[in-house]
Each structure stands twice: as C-alpha cells, then as structure tokens.
Amino acid sequence: MWMSGQEPDAVKRRLGEVVRALADASRASRDALNLVPSENRLSPMASSVLGTDFYHRYFFNDGLDPGFWQFRGGQSVGFLETELTKSSLGRLAGAELVNVRPISGMSAMVLALSGLGGPPGGHVLCIHPDHGGHYATGSVARRLGFGVSLLPVRMGAVDDTELRTALRTHRPKLVYLDLQNSRQILDVTAVVEAVRAESPSTLVHVDCSHSLGLILGGAHPNPLDDGADTIGGSTHKTFPGPHKGVLMTRRSELARAITEAQFTLLSSHHFAETLALGVAATEFTVFGGAYAAQTVANARRFETGLAEAGFDVVLEGGRATKNHQVWVRIGDAAATDAIAGALYEGQIRVNVQVDLPGVPGPALRLGVNELTFTGAREESMELLVQAFMVARDGDAGKVARLAQDIREAAGRPFWFEPDDGNGLDLAVAALANDHPWEGGPTVAGD
Ligand SMILES: Cc1ncc(COP(=O)(O)O)c(C=O)c1O
C-alpha cells in the first residue's frame, strides 16, 4: 500500500494530490466524446443534486407517515421522491406504480426476479446471452432457486416455437425479457400473445435497461401498452439519469410483490441519486421525445456513414439499426484495440465487445445516446465517421481535431441550460457550490 505507515501530514498531502488529479481527470473525461451505449450523462441540473447533503442520507418514509420518521435527514425534501421522481417516471411510462428503490439495472433484476418469479423451485424464462440476453440473468435466477430456460431471439423476435414449448413444459411464473445486445426493437406483443394462449398465469417482465430512454421518449413502443405486466431496468443508458434502477407496473398486486421482495433485498436506495433521477425525468418530460427520435436518427446516419466509408458494419438481414447501437467489426483483437486506442487518444471513447450475437470475435459496440443528449445532430455523425476513418489510419492527432469539430457542431442539448432564465442558473450554481470537492481540497503547507 503506497500510503501505509506514513505520517498523517504526508498522507494528507498525498491525498490532496490525488483529489486534485481526480478533478483534472474528471474535467478531461467530461470533454471526451463517449460512445459507450450503456452510459449517458446527467444534465447540469440533475447533476447538481448529487452534491447536496442528501447524498449522505437514508430515506425510507416514502409514504410520508408522520409516525415513521425514524431517519429524519431526508424529511424536508422526501416528498420529492413521490412528487418529482415517481410522478415524472410514471407519467412518461403511463404507469401509476413506480418503484425507485433499485440502485442499478442488476438491482432491479434481482428485485423483479425475486418479487415476480414465485417461490424457489419454480421456473423462469429469459433471453439466451448468445442472442443478446444479459449475461447474468440466468445465473441470478438460478441462485434464487429457479429453473431457467434460455430463449433464442432473431431480429427482435423471440422464437415462437421454443417459447410456446417452454411455456407448456415448465408453466413458468415469469418470462423475463432482458435484451441487451441488439439493434432491433423487441417484439413484446408476440411474447404476450403466446403467454396468454399457453400459460395465462405467467407474468411478462421487460427489462428495458438499454432502451428505457427510447421507450419513455416515444421512439420505441411502450411494453406496458403491448401487454407486459411490468417493466424496468437501469436509468443511465439511453435514459439520461443517474446510476439507478426503476420498476414500473399498472397492476397494484405486482407493485406490492416487488415492494415485499425489496424490503429485505435493499436498504439504502441512494437518496440523492433518487432526487437527481426526479430532476432528470422531469426534464425528460420536456426534451425526451426530441432526444429519443434524434438518437435513432443519429445512429442510422452514423451506421450508414461508416458502411459507406468501407467499415464492416454489422447489418443483420441488411436491416438498419432501430435503436442507439451501431456494431462494427474491425478485425482481430490487435486491430480492434489499435483503432480503439487511436480514438481514445483523440478523446473519443468506444466499447469493445467479444460476444455480440452473430459476431464471433471482437467488435465495436457503439452508442450515440450520450453524444445525442449533449446536442449532436446528423452533421456531427458525419464528422464522427471522418474521425473513425483517420483513427483507422492510426492518426490520433487528426481524431482530436475532429473531436473538437464535433463538440463545436453540437446543437442545443436536450436539457435545460442554466442560462435558460427563471433563476435556474442561480439555483444550479447554489447547489454546485454546496459541493466542497471541485478543484480538490486545499492542503495545509501548499
Ligand atoms: C437487460 C439488462 N439488465 C440489466 C443490466 C445491468 O444494469 P446495471 O449495469 O445498471 O446494473 C443491463 C446492463 O447492460 C441490461 O442490459
């Protein structure tokens, strides 16, 4: 350990250096263009909430019961969990019952499987990881004591024959649709039809971690309208919220089942993040529609541009992407790493995956969601294609210049700017100033 055994003053000075270096790295990271499809960023307003005192507090009394203030730190703002966070998410999803206790997509998965999967010993169906399902779902379900069948998915459609056979054979309590690696829209209606015909008491849950922002922004159909019983997932992929999770339903008995499971599986739900989620969701009620449509339009422009530039773009069945993801094969691991490295040096971050469905070997799994949220339009996608072309030649300097052009080409971001008026600038600055770490602490003797 590099600090063990040192004098407190030396440790303090060293930590001061670390925090200052972190602040510098954070500023640089904030300026980078991020194409990781499972990440997004917070708006300035939502972000400012994370620096408040509520980051340190528990909040359990979501019913605002006057006799249940065992933890009082969140009492003054607790109503916002219902009136801002749940109400905005519920309005966006058309779901009255919203659970914002999960701290991430995996946490929402554990709660949904436990609450909706029935007693241990039952059976759960989910999507095969080789067909784009989340790698962990089957294993989590087995740890919870369920038998598991993995379903194939092609072009966004669950294999109907295998689904119906599994429904008749196992009478599962739950079909958990966890499509993660896909460029298509999952056909939920067909799954619901098969379930209602073959095993009517089986529940359908859609884990839309990747597509939540596209669904809540109206670019993808809402699975609840297509007959799913519950939906949920991460709030930080296409949905531009904090690292959190959510579960939503229109059926009160299912909301109760989730709450019961949650009571003993989750304690701290990260209160400041929950409030930031409320701000993000409320901004999304204004900007979400335009953002979601622009995200899909940008992904298509980017995908087409890369193909025209000679990149080996993955187009299953010749179909253009229908969401935020664009997949590109570069070559072997060394070639993939080389282009990813040149892009990184030029301040563009990409995501390498080795197990995309139908794509043996390494490939880039790219997402335009965060870039779109910050204001990128089609023009930026053309510049981005140029950046990939010069990265292919290993020219990180030219990548950096194009990254700057992309930043400058950005249009209006899909959030309220602090200078939008109405004193918002002052409100955001006041919250930001509440945060003592910007620039790192002053160290005595410096
Ligand atoms: C379908 C699905 N479920 C769960 C998760 C896990 O989410 P998190 O990383 O927020 O825990 C993901 C992440 O990609 C996902 O795609």
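Counting starts at 1 for both ligands and their atoms, in listed order.
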Enquirer: Does anything in residues 109-134 pair up under side-chain hydrogen bond (donor to acceptor under 3.5 Å, both in side chains), and if so which pairs, sequence neighbours excluded?
Expert: H123-S149
Enquirer: What is the ring orientation for H243 with H236, classed by angle as parallel under 30°, tilted 30 to 60°, or perpendicular over 60°?
Expert: parallel
Enquirer: Please say whether more than 12 non-hydrogen atoms of neighbouring residues, nucleotides or ligands are located less than 6.0 Å from NZ in K322.
Expert: yes
Enquirer: Might you confirm whether atom CD of Q353 has over 12 heavy atoms from other residues, nucleotides or ligands at distances under 6.0 Å?
Expert: yes
Enquirer: Could you point out which residue of F287, Y291, F373 forms a ring pair (Phe, Tyr, Trp, His ring centres under 6.0 Å) with W415?
Expert: F373
Enquirer: Pick out the protein N or O atoms lying less than 3.5 Å from any N or O of ligand 1, and list each pair with its distance.
Expert:
residue  : atom   : partner : partner atom : Å
ligand 1 : 3 (N)  : D207    : OD1          : 3.4
ligand 1 : 3 (N)  : D207    : OD2          : 2.6
ligand 1 : 3 (N)  : S209    : OG           : 3.4
ligand 1 : 7 (O)  : S234    : OG           : 3.2
ligand 1 : 10 (O) : G105    : N            : 2.8
ligand 1 : 10 (O) : S234    : OG           : 2.9
ligand 1 : 10 (O) : H236    : NE2          : 3.1
ligand 1 : 11 (O) : S104    : OG           : 3.2
ligand 1 : 11 (O) : G105    : N            : 3.2
ligand 1 : 11 (O) : M106    : N            : 2.8
ligand 1 : 14 (O) : Q180    : NE2          : 3.0

Enquirer: Are more than 12 heavy atoms from other residues, nucleotides or ligands located less than 6.0 Å from atom CZ of F79?
Expert: yes
